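Below is one structure, written out as structure tokens; comments come after it.
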Number of protein chains: 2
Amino acid sequence: MGVHCVAVGACGRVLQRAFSLHTAHPTKDMESFFQLVRNIVPALTLKKHKGQDGRIGIVGGCQEYTGAPYFAGISALKVGADLTHVFCAREAAPVIKSYSPELIVHPVLDSSNAVEEVEKWLPRLHALVVGPGLGRDDLILNNVRGILEATKARDIPVVIDADGLWLIAQQPALIHGYQKAILTPNRVEFSRLWEAVLSSPMDTQNHSGSVLKLSQALGNITVVQKGEHDVISNGQQVPVHYWWLPGVLARSRGNVTIRPSRNTGAP
Amino acid sequence: MGVHCVAVGACGRVLQRAFSLHTAHPTKDMESFFQLVRNIVPALTLKKHKGQDGRIGIVGGCQEYTGAPYFAGISALKVGADLTHVFCAREAAPVIKSYSPELIVHPVLDSSNAVEEVEKWLPRLHALVVGPGLGRDDLILNNVRGILEATKARDIPVVIDADGLWLIAQQPALIHGYQKAILTPNRVEFSRLWEAVLSSPMDTQNHSGSVLKLSQALGNITVVQKGEHDVISNGQQVPVHYWWLPGVLARSRGNVTIRPSRNTGAP
């Protein structure tokens, strides 16, 4: 069994567990769902060398929180990425390293030259994940601000989650209009972002509309509101959109994608 | 299989192994026992967010002992809690963290501001477990005294075990009359508590009576004496009580619950 099959198998098991709650979905529905995942996981081939199927950077991990950057990094590997680099605080590094020898861990995030240390790796990275286990230490957040600026300057896609979103709520201009950013707030983080960038009260009965508005207010960057159903918008007026549930994959006009998820954030 | 099922499954396997020693219990008896466990584990639902099914604090973990706080924390997660925070001595933290990325570990228990560090997390915790791997260092025990006072002030339920009970034997007033406390002494710890709070000799032939008396002497707090059978009392005169063994679940008047257990204390 190749790495590709292992990754799909791992995804399958995770998803099977998640969706076993929904007893209404028969095996046939699950199959189309797994096919969707198979399409995402890159095929393993002898034609490529290590790194071509994804080199991912994770910016997070501090004294209290070491689990979240590990889960972010190992998940990227399990769904097919080739390499993950975790950039964390010095104290968190040996712990994150100890969770898995698969991760490359750099103890630089609380150092005075953190931006330079991360920046020199940026040319080798395909995408950055900023926030898991980041914490709210001022020195670290200031370094992350610099890392985000450097990431934008190199036009690298960035996913921002957890306390990375807390930073964005403090300084929305940091990410405003950067089309290669994806924000992944849960309900609380979404409210915090809303308050930071919109003056009007949020319509709690209209999630889709709220996600669309926040995305637009942030300059049409992609917002994935995690919850009972994920609500996804890139702020465009008449884009193609998808709703998908296991067994239900529909395409129509609109600007919001809804899919089921669990908010499985980790420490 | 959902997380709920995984947790129940994990419980089931542990209990099945434990009770396989007792060949007299047929499968049917085990089933009613597992059903009891299923009733305790919260159902996984998309309607809740992370944290709603339990945020548990563990106070323990020192230079010598790192296993016990890990087992306390991971057990809470396995039976359905969402988050566990371990508050331990600095030196123990990287080790406890390395056991599992699921735990949030705070290296604060031997610091001069330990009480403040733990206190700021208390509003977010549903229950505290004090004692696993605590040790008997004076500085740490003095900090734990302050943490217990802060816990009582916030009316948070607290389970006290291991060297947490040693502290209570030194200062019974610390917990006297706090109805949200549960003490879980083994035979030796029970004797130590008895000597600390009662002047009369213990009737070693009457466990139930002794547990009742100790509970009353401590101001009717709940005492779980672990042993061949666990003996549980909250010191009340005519409470409802249960005896349960695999296949035997009876309810009657009284003040003592007896259930089978293994004293599986860890380092």
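Labels below follow one simple rule: chain letters A, B, ... track the order of the sequence lines, proteins then strands, and each chain is numbered from 1. If you're wondering where the values come from, they're calculated on a predicted model, not measured in any experiment. As a basis for the values below, the full set of heavy atoms in this structure was taken, side chains included, without hydrogen atoms, waters or symmetry mates.
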Tell me if the CZ atom of A/Arg90 is crowded by more than 12 foreign heavy atoms within 6.0 Å. no
Interatomic spacing from CD in B/Glu102 to CZ in A/Phe71 - rounded to 0.5 Å: 4.0 Å
Here the pair of heavy atoms bringing B/Ser98 nearest to A/Tyr99 is CA-CE2, 3.9 Å
Is the count of non-hydrogen atoms from other residues, nucleotides or ligands lying under 6.0 Å from B/Asn113 atom CG greater than 12? yes
Interface moiety of B/Ser100 toward chain A, non-hydrogen atoms closer than 4.5 Å: backbone
Taking CG in B/Asn39 as the centre, count heavy atoms belonging to other residues, nucleotides or ligands within less than 6.0 Å. Is the count above 12? yes
B/Lys97 to A/Glu64 - nearest heavy-atom pair and separation: NZ-O, 3.6 Å
